[in-house]
Enquirer: 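Below you will find the structure I want to go over with you.
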Amino acid sequence: NKALANYSKYLSYVKEVGDVPFITPAYTFVASVYQSLGEFENALEYYNESVRLADLNNIGISVKTRLNIAFCYQKLQELGLARSLYNKILSEQIKNDNTFDAIEIYLRFAELEHETGNYTEALSYAEKASDLSQGTESKQLKAKSYASLSKAHLALNNTALALNYSKRAYQIASVFKGYRLASYTGLLAKAFYQAQSDSAFYYADLAFAEIEREQSSVYGENLESGVFSNYADFYNEVAYWYLEQKNDVYKAFEITERGRARVLLERLSFSESDLQNVVEDTTLIALRQKEKNIDKLYRQIENSKDEQSISKLKSELSELEFQYQSFTNELHLKYPKLRSFKELETIKISEIQNSLSAEDALIEYMFTDHRLIIFRITKDDADYTSVEIDSVSPKKHLSVLVSDFRTAIQEKAALDLIGKRSKPLFELLLKPVSDKLDGINNLLIVPSKSLSLLPFDALYINNSFLIEKFSIKYLPSSTIYKYIEPPHRTTSRELFAVAGSGLNGSTSQTKNYSSLPSTILEVDAISKEFTDVLSLKHQEVSESKIKTTSLNEFRYLHFATHGNVNELNPQQSGLIISELVESEGAFQEDGYLNSKEISTLTFNADLVVLSACNTAVGKIIRGEGLQGLQRSFLKAGASSVVVSLWSVYDKSTASFMGSFYKNLRTLEEEEVGLWTKFKMYFDLYTPPMFGYKEKALHLAKKELIQHPYYNHPVYWAPFVMIGK
């Protein structure tokens with residue numbers, strides 16, 4: 001944070017002065033911070049701008065900058081380009097007898113070969129780097145070389161050598177400052193594990209502490225996710241050690257949970273009111289204005305057709321986003337209260353079991369290199385199943401299976417084909433635990449990686465869908481359940497509903513979005529189930545109207561409008577609200593309610609329903625899962641969210657939602673009787689894991705399966721519930 005804040009000031013100053021020899025390296029300094037944070041796209045933008053300015057002014061590019069550019073391409077899987085750049089730099093440095101840069105290149109080559117599975121070649125490059133480093137005084141280059149040698153020997157099962165080199169690397173890194181100790185400690189833990197030594201568990205704990213310390217020194221959802229994604233798989237690896245060596249399912253589950261959704265957990269622990277209470281109004285307004293300026297540029301880029309204009313706008317956007325990040329960093333350095341998150345404890349299996357009924361089961365998925373681990377937790381039992389995945393890249397293989405299955409549904413394929421594509425998914429994900437689900441009617445699924453995109457409900461086995469046997473809901477991590485706001489909070493009104501009926505694609509903002517006339521029918525059908533309703537339709541719908549409404553007064557929130565997903569920047573995903581560009585008020589509203597804006601709202605809602613397109617879809621981030629819109633609504637205070645996994649049909653959705661809310665009201669009356677209300681009044685009520693909301697969604701899906709026109713899963717399977 002400090003580096004980014006100070007580089008921002010430095011860059012602004014040298015640009016103002018106009019001293020090009022200082023501006024060029026300023027861009028590389030900023031790029032290096034982004035690179036350290038794992039934000040390789042952002043890093044590359046700043047490196048490339050540095051190169052552009054250097055070429056324009058006949059200034060030489062440093063070898064380190066060229067190396068870092070190649071490294072960013074490597075991390076972005078442009079391996080051929082990275083290899084070509086490394087070769088070119090290496091030949092120059094050997095010719096110029098530049099030992100230090102040659103060592104760095106050999107180390108980068110070693111990592112590239114390791115990533116592509118060429119472990120013998122990786123070892124060869126690591127040895128060259130190590131040999132050269134012995135002739136220097138650089139402790140850091142020696143530590144890097146030893147670590148590279150250890151990684152290669154680990155992959156080649158040369159255990160003694162791997163342990164020896166990892167010890168030497170750790171010994172240097174733990175004494176001197178300026179090292180990312182987490183990676184050295186984790187490597188040592190892996191070497192001890194391969195040597196079958198219990199020291200592996202000791203050093204793994206040290207690595208976790210260092211990883212979490214490192215993450216806590218960064219602010220910003222995207223940047224924190226970037227930092228943590230470097231280490232997310234390590235948590236799963238150590239969890240597997242506890243299963244394999246100690247058969248300790250409780251500790252293994254705790255560790256995999258410790259590595260899940262850490263950034264989302266921190267966001268849930270920090271409310272918008274915390275920011276408002278700490279920061280003065282003028283600063284808060286400045287922050288919001290910066291956010292609006294960024295949003296405006298995104299809209300202009302989306303609506304521009306001219307490549308030259310787009311390039312210019314992207315350059316402006318990159319600058320504004322950097323300034324915004326630096327501004328928020330300075331706030332967090334100035335106000336320590338903004339960094340003092342509540343202590344977040346990982347959920348224990350016993351806590352989950354206390355929340356489950358005899359009819360419930362939690363199924364949580366965890367990946368290691370070539371294994372899928374399935375945790376199964378019921379009221380009275382907890383165990384796991386380890387499944388070998390026969391594939392060179394198991395996670396990639398599974399993502400293809402998920403994609404093929406989704407495609408079959410979205411293209412309205414016949415049930416025979418859907419069943420055919422269900423079979424490998426069912427056999428991998430559920431068959432290993434199916435004989436232990438007798439008496440279970442409700443499944444809480446905690447997916448991982450590409451499984452976040454899988455509608456388990458629609459798996460078609462033995463001529464029936466999984467939803468016909470189980471009520472199903474989802475969570476990004478089990479621990480999240482503890483920190484989601486509880487339902488049944490005090491609200492004075494019942495339903496707030498928005499119909500995206502005024503969109504007709506007449507403006508550049510909505511040119512790709514058709515009118516949704518059936519949302520009027522949808523909202524009207526829902527409204528009949530309630531007595532106190534505020535519904536917005538046609539020209540009543542505006543972004544400022546939504547933001548100025550006291551949404552915290554409503555128990556249910558329903559948005560029947562288009563959704564938009566931005567996978568490059570999940571905080572720019574959002575809901576298309578209206579075609580109006582509003583200039584009243586403090587800020588110009590653009591009719592687009594994005595993820596960042598949603599997370600600053602305040603809800604007391606038991607349920608938010610997004611009957612829009614792709615609202616559950618987003619960027620999959622290691623350790624965080626899917627960054628869809630549901631995260632923002634949970635952060636704003638919703639207890640649960642219903643979202644969609646793909647573009648939904650206007651008319652069928654109106655029918656589905658009418659059925660869902662009718663069931664919701666009926667089942668609520670049955671579940672929440674006088675005695676329950678009495679316990680709620682005295683704050684003695686604990687809601688069940690599966691209650692009337694989950695049952696209502698389950699029943700609505702089963703009803704649509706019987707519908708003469710809308711029985712295909714394309715109509716009902718996209719809707720999933722996440723939360724409490």
Side-chain angles (χ1 to χ4, degrees), residues 4 7-8 11-12 14-16 18 20 23-24 26-28 30-31 33-35 37 39-57 69 72-73 76 78 220-223 226 286-328 505-513 543 562-583 586-597 618-619 627:
L4 209 53
Y7 282 148
S8 173
L11 181 58
S12 297
V14 293
K15 285 175 72 175
E16 186 180 332
V20 175
I23 296 173
T24 303
Y27 277 101
T28 66
V30 174
V33 178
Y34 279 124
Q35 180 180 318
L37 295 168
E39 287 285 305
F40 300 110
E41 293 98 337
N42 283 337
L44 205 50
E45 281 186 32
Y46 279 88
Y47 281 132
N48 286 336
E49 181 62 15
S50 172
V51 170
R52 188 187 70 80
L53 287 172
D55 288 345
L56 205 61
N57 295 279
I69 289 172
C72 288
Y73 280 121
L76 294 170
E78 297 280 351
E221 187 163 341
N222 287 350
L223 297 188
L287 185 69
R288 295 292 172 247
Q289 189 59 63
K290 288 178 185 296
E291 290 170 356
K292 275 294 167 191
N293 291 339
I294 289 170
D295 294 346
K296 186 177 179 181
L297 278 176
Y298 269 104
R299 302 292 83 76
Q300 289 176 341
I301 290 168
E302 287 170 4
N303 299 323
S304 180
K305 293 181 179 178
D306 178 55
E307 287 299 323
Q308 192 171 353
S309 298
I310 290 173
S311 178
K312 185 180 177 183
L313 288 168
K314 282 185 175 179
S315 179
E316 288 179 43
L317 176 62
S318 181
E319 191 72 21
L320 279 184
E321 286 187 325
F322 173 60
Q323 290 174 8
Y324 174 78
Q325 182 66 48
S326 302
F327 187 74
T328 55
S506 61
T507 69
S508 58
Q509 167 65 24
T510 60
K511 61 187 177 184
N512 296 321
Y513 298 96
E543 186 179 354
H562 284 294
N564 180 48
V565 174
N566 186 322
E567 292 195 3
L568 291 178
N569 185 353
Q571 293 186 343
Q572 280 295 323
S573 296
L575 299 174
I576 309 294
I577 297 300
S578 76
E579 297 177 334
L580 302 173
V581 175
E582 308 157 68
S583 55
F587 310 111
Q588 186 181 74
E589 305 290 6
D590 56 10
Y592 183 70
L593 192 64
N594 68 36
S595 182
K596 182 183 281 293
E597 292 173 311
K619 186 176 183 179
Q627 282 197 345

Enquirer: Out of curiosity, Q289 CD to K296 NZ, how far, rounded to the nearest 0.5 Å?
Expert: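 Spacing of CD (Q289) from NZ (K296) equals 9.0 Å.
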Enquirer: What are the two closest non-hydrogen atoms of T28 and Y47, and how far apart are they?
Expert: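 Looks like O-CE2, 3.9 Å.
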Enquirer: Going by an N to O cut-off under 4.0 Å, is there a salt bridge joining E597 and K292?
Expert: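 A salt bridge is present here (some side-chain N lies under 4.0 Å from a carboxylate O).
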Enquirer: Between A286 and F327, which heavy-atom pair has the shortest distance, and what is it?
Expert: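 Between these two residues, the closest heavy atoms are CB-CZ, 4.2 Å.
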Enquirer: In Å and rounded to the nearest 0.5 Å, what is the OG to CD distance from S318 to Q323?
Expert: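 Between atom OG of S318 and atom CD of Q323 there are 10.0 Å.
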Enquirer: Tell me, do Y592 and L575 make a side-chain contact under 4.5 Å, heavy atoms counted?
Expert: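 No, their side chains stay 4.5 Å or more apart.
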Enquirer: Who pairs with K290 by side chain to side chain donor-acceptor pair (under 3.5 Å), at least two apart in sequence or on another chain?
Expert: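 In terms of side chain to side chain donor-acceptor pair (under 3.5 Å), with neighbours along the sequence ignored, K290 is linked to no residue.
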Enquirer: Any side-chain heavy-atom pair from N57 and T24 closer than 4.5 angstrom?
Expert: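 Counting from C-beta outward, N57 and T24 never come under 4.5 Å.
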Enquirer: Hey, what do you get for CD (E291) to CG (L320), rounding to the nearest 0.5 Å?
Expert: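 So the CD of E291 and the CG of L320 are separated by 12.0 Å.
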Enquirer: Any chance you could measure N303, atom CG, to S309, atom OG, to the nearest 0.5 Å?
Expert: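 Reported value, rounded in 0.5 Å steps: 12.5 Å.
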Enquirer: So, taking the atom named CG in L317 and the one named CG in N293, what distance separates them when rounded to the nearest 0.5 Å?
Expert: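 Here the interatomic distance stands at 11.0 Å.
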Enquirer: Could you tell me which non-hydrogen atom of Q35 sits nearest to which non-hydrogen atom of A43, and how far apart they are?
Expert: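 Shortest heavy-atom contact: N-CB, 3.7 Å.
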Enquirer: Per the salt bridge (Lys or Arg N to Asp or Glu O under 4.0 Å) rule, what does the pair list look like for residues 42-53, sequence neighbours excluded?
Expert: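 Salt bridge (Lys or Arg N to Asp or Glu O under 4.0 Å) check on residues 42-53 returns E49-R52.
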Enquirer: Given side chains that start at C-beta, do those of F322 and L11 come closer than 4.5 Å, heavy atoms only?
Expert: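 Yes, close enough: below the 4.5 Å cut-off.
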Enquirer: With a 3.5 Å distance limit and no angle check, can you tell me whether S50 reaches the backbone of Y46 through a side-chain donor-acceptor pair?
Expert: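 Not a single qualifying donor-acceptor pair exists.
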Enquirer: How about K305 and I310: do any of their side-chain heavy atoms sit closer than 4.5 Å?
Expert: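 A side-chain contact under 4.5 Å is absent here.
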Enquirer: Test Q572 against I294 for side-chain contact (heavy atoms from CB on, under 4.5 Å), laying out the working first.
Expert: CA-CA 10 Å; Q572 280 295 323; I294 289 170; 4.2 Å; yes
Enquirer: Quick check: do R299 and E302 have side-chain heavy atoms less than 4.5 Å from each other?
Expert: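 Side-chain contact under 4.5 Å: yes.
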Enquirer: With sequence neighbours excluded, give me every salt bridge (Lys or Arg N to Asp or Glu O under 4.0 Å) pair touching residues 311-327.
Expert: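 Salt bridge (Lys or Arg N to Asp or Glu O under 4.0 Å) check on residues 311-327 returns K15-E319.
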Enquirer: Which pair of non-hydrogen atoms, one from S304 and one from L313, has the smallest distance, and what is that distance?
Expert: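 Result for this residue pair: CB-CD1, 4.4 Å.
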Enquirer: In Å, rounded to the nearest 0.5 Å, how long is the span from CD1 of I576 to CD of E543?
Expert: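 With rounding to 0.5 Å, CD1 (I576) is 10.0 Å from CD (E543).
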Enquirer: Indicate yes or no for a side-chain donor-acceptor contact from S311 to the backbone of E307 under 3.5 Å, with no hydrogens or angles considered.
Expert: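 Answer holds: no.
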